[in-house]
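Every chain is numbered from 1 and lettered A, B, ... according to where its sequence line falls, protein lines coming before strand lines. Because only heavy atoms are used, hydrogens play no part in the values below, and waters and symmetry mates are left out as well, while side chains stay in.
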There are 2 protein chains.
Amino acid sequence: MNSPGIPLRERIIQAAIEVFAERGYNGTTVDDIVAAAGSSKGAFYFYFPNKEGLFLAIVEDFATSLASAIAGAVSQASGAMAKVEAAIEAGARAFGRDRALSKIMLVEAVGLNPAFENKRREIYARFAALIQSYLDRAVAEKDIPAIDTEVMAYAWLGAINEVVVHWLESGRPKELEKVVPDLARFIINGLRG
Amino acid sequence: MNSPGIPLRERIIQAAIEVFAERGYNGTTVDDIVAAAGSSKGAFYFYFPNKEGLFLAIVEDFATSLASAIAGAVSQASGAMAKVEAAIEAGARAFGRDRALSKIMLVEAVGLNPAFENKRREIYARFAALIQSYLDRAVAEKDIPAIDTEVMAYAWLGAINEVVVHWLESGRPKELEKVVPDLARFIINGLRG
DNA sequence: ACTGATTGACTGACGCGTCGGTTTACGGTC
DNA sequence: GACCGTAAACCGACGCGTCAGTCAATCAGT
């Protein structure tokens, strides 16, 4: 049961992802995590500074890999519509691949203490800034009317966010990727004058 | 300092709203709340079953008053665009009026234990169902193309949600009501084919 | 036998909810 | 209009469970 071969540190991370997703940050104890990992309290504190450090590491990791997946997909596509669709599709694929991680990222990481909240804000800001840079260019090139691009970037982010959360909670649609065309059209059309 | 005249029960609720908004649900102790209210532990448990009961009452109250404000505004307006704008404006006004309550509703109530999560889901579902009923009618009347109205309702909800959260965190735009036209156009255009 | 990895019993702090008690408000009685 | 009984409103010290984090002991590899 102890999955030999997989290093303990990694096993603890995977176990933590499962448990955090199921019971939330405050609802999971360090004992829960080490029990799920088939390990011990001492080993936990050998590899991680504390519970908060582990959680932050998980969130930060996912954000980084999501950002690079999206950046890669966008750079490959050409044309506004294709780029938006590529971005949403890359996101849907990343969220769809790992429900537990998605839950942690979009639900469990919200509304924790101020330290966590700053981290979350910073991550959202990274994505919002990316979107906003495209919107600003589109406005400059008169592709879309002059709007508050900062606010619209967050509207866009929020739309995707909530669709993923709804999928996590209700399981609809069956495959998250199914929402990509509707969502992409919603966003593209929404920004057109 | 004890604001005589205002009944204690109400004072406790107001104090709780402030403290919950500032420190989050898990970060606030019952002692914090009664200290802020200039009251006592005993009085708290005289009026409320427990911390969870108070929090749920606050959230439920706000959701109810928000729903009726929106329903009222929508019924007064005529025409699709006007109705959407009226709904968003009523929402913006309600969220703009009380930052602390908005923070609790949209940030602090997320990702708590399963009991809270069910309540939040139920409240979101109420609003999503309202939006979806309009979308379904619009689809039936061929005003908008056949789309997944359930998913689109959540996209709409999420867009507004995130814009309000961003306003709470960054203070931009200065007046939340300023986002209404851009947001309404985003949503209306987004749904058009 | 030395070093890094791992264990789990233990501690100390913290916070919810209880409970015995005190004060306040009020209706009835003479 | 002083007196009393009583019930509701209110107080806050404390009990008790929970849980993050520690550390002395043990194990495994070299």
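Note on B:E169 versus A:R120: salt bridge recorded, some NZ/NE/NH1/NH2 to OD/OE distance being below 4.0 Å. Salt bridge annotation for A:E150-B:K178: absent, with no cationic side-chain nitrogen under 4.0 angstrom from a carboxylate oxygen. A salt bridge links A:R93 with A:E89: at least one charged nitrogen is closer than 4.0 Å to a carboxylate oxygen.
Heavy-atom neighbours of B:E141 CD from other residues, nucleotides or ligands within 6.0 Å: above the threshold of 12.
The distance from the CG atom of A:D136 to the CD1 atom of A:I131 is 12.0 Å, given to the nearest 0.5 Å.
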Q. Can B:F48 and B:F55 be said to form a ring-ring contact (aromatic ring centres under 6.0 Å, His included), step by step?
A. CA-CA 10 Å; B:F48 304 99; B:F55 188 82; over 10 Å; no

Distances under 3.5 Å between protein N/O atoms and the N/O atoms of nucleotides 26-30 of chain D, please, pair by pair.
none

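Contact between the side-chain N/O atoms of A:S39 and the OP1/OP2 oxygens of C:dT6 is not found at any separation under 4.0 Å. Distances shorter than 4.0 Å separate none of the side-chain N or O atoms of A:Y45 from OP1 or OP2 on D:dC23.
At whole-Å resolution of the value, CD in B:E52 and C1' in C:dG15 are 15 Å apart. Atom CZ of A:F46 and atom C1' of C:dA5 are 5 Å apart (whole Å). Following rounding to the nearest Å, B:N50 (CG) and C:dG17 (P) show an atom-to-atom distance of 5 Å. Between the CZ atom of A:R9 and the P atom of C:dG4 there is a distance of 18 Å, rounded to whole Å. The CZ atom of B:F44 sits 12 Å away from the P atom of C:dT18 (whole-angstrom rounding).
Residue contacts for A:F48: at a heavy-atom cut-off of 4.0 Å it reaches no nucleic acid atom on any strand shown. Base engagement by A:K41 is indicated by at least one non-hydrogen atom pair under 4.0 Å involving a base atom.
Of the candidates C:dT7, C:dC16, D:dA20, the closest approach to any side-chain atom of B:K51 belongs to C:dC16.
Applying a 4.0 Å cut-off to non-hydrogen atoms, the residues of residues 22-34 of chain A that approach DNA chain D are A:T28, A:T29, A:V30, listed by residue number.
In this structure, A:K51 forms a cation-pi arrangement with A:Y25, its terminal cationic atom sitting closer than 6.0 Å to the ring centre and no more than 45° off the ring axis.
With sequence neighbours excluded, the residues that form a salt bridge (Lys or Arg N to Asp or Glu O under 4.0 Å) with B:E108 are B:K103.
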